[in-house]
Amino acid sequence: MMKSRVNLVLGGSGLIGKCLRKITNNNKNFIYISGSKKIKGYKRFNLNRDFKNFPYRNVDKCFFFASPRILKKNFNQKKFYQEYKWLKKIIYNLNINKIIYLSSSSIYYSNDHVIGINKKKCENLIIKNKKKFEEYQIWRPFNLVGTHYSEHTDHFHNLLFKKMFIMKNGYSVFKGNMNDMRGYSRVGDFVRILFDYSKTSTSFVKDFGNQKLCKIGDV
């Protein structure tokens, strides 16, 4: 007898996953998976492992937020290619009705941008296999900011806000142009919109960003 379908959140202990968990906190049909250390309320599973013994085979919605951490030491093709391998495993080993994939605005960067190259490969993998799903939803968020800046990552905004508000440095020097224009969005706002769209019967590839821009120097 086929087990009832669950909603599966891969990469659930990251910033996006934590926000989604707040929204779905009382829903026992949402299973949050983390590959990091054991966390209360999360199931632990390393996506590099064999999927033969993975307990959740029949999935209604699969929220795929899993990705290697943005660390300087991880900036090589081999490390970020792991995300493509993880995604391929879940597509070919699980029965999924709808997949919601977190891509990135980095796909619009130069052709040698490691994260952008691999995110685009992942998008193409989903679209190539779209007949395996009833719907697919791919999100490309721009410049999300949240509150968990103490987490270990070398993302520009993490470094910027950690130095400004946690380390409280008098000043810091960053490479780049102070006059570059960016639009910033709250992580929580984005996740609520992503969750609402996940309940619709539509497939898409969608950019998400704030059109109200400000200079990096003004930040």
Side-chain angles (χ1 to χ4, degrees), residues 5-34 41-42 59-70 83 86-87 90-91 94 96-109 115-116 118-120 122-127 129-130 132-149 151 153 155-158 160-161 180-214 216 219:
R5 290 184 178 273
V6 299
N7 295 306
L8 192 63
V9 185
L10 298 164
S13 60
L15 189 57
I16 305 292
K18 286 177 179 176
C19 287
L20 183 62
R21 190 162 184 262
K22 287 181 181 179
I23 296 173
T24 65
N25 193 36
N26 295 321
N27 193 329
K28 295 180 180 179
N29 201 37
F30 274 77
I31 307 297
Y32 285 79
I33 304 291
S34 174
Y42 289 79
V59 180
D60 184 19
K61 299 183 185 80
C62 177
F63 296 84
F64 192 96
F65 304 150
S67 179
R69 285 188 182 275
I70 300 177
E83 182 176 342
W86 297 340
L87 182 61
I90 71 108
I91 288 175
L94 307 183
I96 300 169
N97 280 344
K98 177 184 292 181
I99 187 166
I100 297 99
Y101 175 67
L102 186 68
S103 185
S104 167
S105 60
S106 61
I107 66 151
Y108 295 114
Y109 297 169
I115 297 175
N118 283 284
K119 287 290 187 181
K120 189 62 179 178
C122 289
E123 288 187 11
N124 290 340
L125 180 66
I126 290 171
I127 294 170
N129 291 279
K130 62 183 180 181
K132 290 183 178 291
F133 319 112
E134 292 182 8
E135 293 99 24
Y136 67 89
Q137 298 180 356
I138 296 172
W139 291 89
R140 298 168 175 170
F142 288 70
N143 303 318
L144 297 179
V145 292
T147 57
H148 297 284
Y149 294 110
E151 292 184 357
T153 168
H155 191 285
F156 169 74
H157 295 101
N158 263 17
L160 176 64
F161 291 121
D180 279 350
M181 303 291 286
R182 303 282 177 88
Y184 297 93
S185 303
R186 293 187 182 94
V187 170
D189 293 343
F190 167 65
V191 173
R192 280 189 289 272
I193 292 170
L194 177 148
F195 181 62
D196 286 343
Y197 269 94
S198 76
K199 293 181 280 188
T200 64
S201 299
T202 54
S203 294
F204 56 75
V205 180
K206 190 181 292 291
D207 292 348
F208 179 91
N210 187 352
Q211 294 184 351
K212 186 176 180 181
L213 308 180
C214 65
I216 289 180
V219 172

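Positions are given from 1, in the same order as the sequence printed here.
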Exercise. Got a sec: does the NZ of Lys206 have more than 12 other heavy atoms crowding it under 6.0 Å?
Worked result: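 More than 12 within 6.0 Å, yes.
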For this session: May I ask you to check whether over 12 heavy atoms, not counting those of Lys212, lie within 6.0 Å of atom NZ?
Result: no
Which value, rounded to the nearest 0.5 Å, describes the distance between [X] atom [atom1] and [Y] atom [atom2]?
X: Ile100; Y: Phe65; atom1: CD1; atom2: CZ; answer: 7.5 Å
X: Tyr42; Y: Arg21; atom1: OH; atom2: CZ; answer: 5.0 Å
X: Lys18; Y: Ile23; atom1: NZ; atom2: CD1; answer: 15.0 Å
X: Ile33; Y: Ile90; atom1: CD1; atom2: CD1; answer: 11.5 Å
X: Leu144; Y: Phe208; atom1: CG; atom2: CZ; answer: 7.0 Å
X: Ser104; Y: Asn118; atom1: OG; atom2: CG; answer: 11.0 Å

Heavy atoms only: give me the nearest [X]-[Y] pair and the separation to one decimal.
X: Thr200; Y: Glu135; answer: O-OE1, 4.5 Å
X: Ser103; Y: Ile138; answer: CB-CG2, 3.9 Å
X: Glu134; Y: Ser203; answer: O-OG, 4.3 Å
X: Gly209; Y: Ser185; answer: C-OG, 3.8 Å
X: Arg5; Y: Asn29; answer: O-OD1, 3.2 Å

With side chains defined as the heavy atoms from C-beta onward, is the minimum distance between [X] and [Y] less than 4.5 Å?
X: Phe142; Y: Asn210; answer: no
X: Trp139; Y: Val205; answer: no
X: Val191; Y: Ile16; answer: yes
X: Ile99; Y: Leu87; answer: yes
X: Leu94; Y: Cys62; answer: no
X: Ile91; Y: Leu125; answer: yes
X: Leu20; Y: Val9; answer: yes

For this session: Go through the side-chain N and O atoms of Asn129 and Tyr136 and say whether any donor and acceptor fall under 3.5 Å apart.
Result: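 The answer is no; no qualifying pair exists.
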Exercise. Taking NZ, NE, NH1 and NH2 as the nitrogens, is one of them in Glu123 or Arg140 under 4.0 Å from a carboxylate oxygen of the other?
Worked result: yes
Counting only N and O atoms by type, is there a donor-acceptor contact under 3.5 Å from the side chain of [X] to the main-chain atoms of [Y]?
X: Gln137; Y: Thr202; value: yes
X: Lys119; Y: Leu102; value: yes
X: Asn7; Y: Lys61; value: yes

For this session: Quick one: list whatever passes side-chain hydrogen bond (donor to acceptor under 3.5 Å, both in side chains) with Thr24, sequence neighbours left out.
Result: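 With sequence neighbours excluded, Thr24 shows a side-chain hydrogen bond (donor to acceptor under 3.5 Å, both in side chains) to Tyr32, given in chain and number order.
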For this session: Please work out which of the three classes, parallel, tilted or perpendicular, describes the rings of Tyr197 and Phe204, given edges at 30° and 60°.
Result: perpendicular
For this session: Under the side chain to side chain contact (heavy atoms under 4.5 Å, CB included) rule, what do Phe30 and Leu8 come out as? Steps first, then yes or no, please.
Result: CA-CA 6 Å; Phe30 274 77; Leu8 192 63; over 6 Å; no
For this session: Go through the structure and list residues passing ring pair (Phe, Tyr, Trp, His ring centres under 6.0 Å) with Tyr101, not counting sequence neighbours.
Result: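 Here the qualifying residues are Phe64.
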Problem set entry | ring pair (Phe, Tyr, Trp, His ring centres under 6.0 Å) involving Trp86 - partner list, sequence neighbours excluded | none
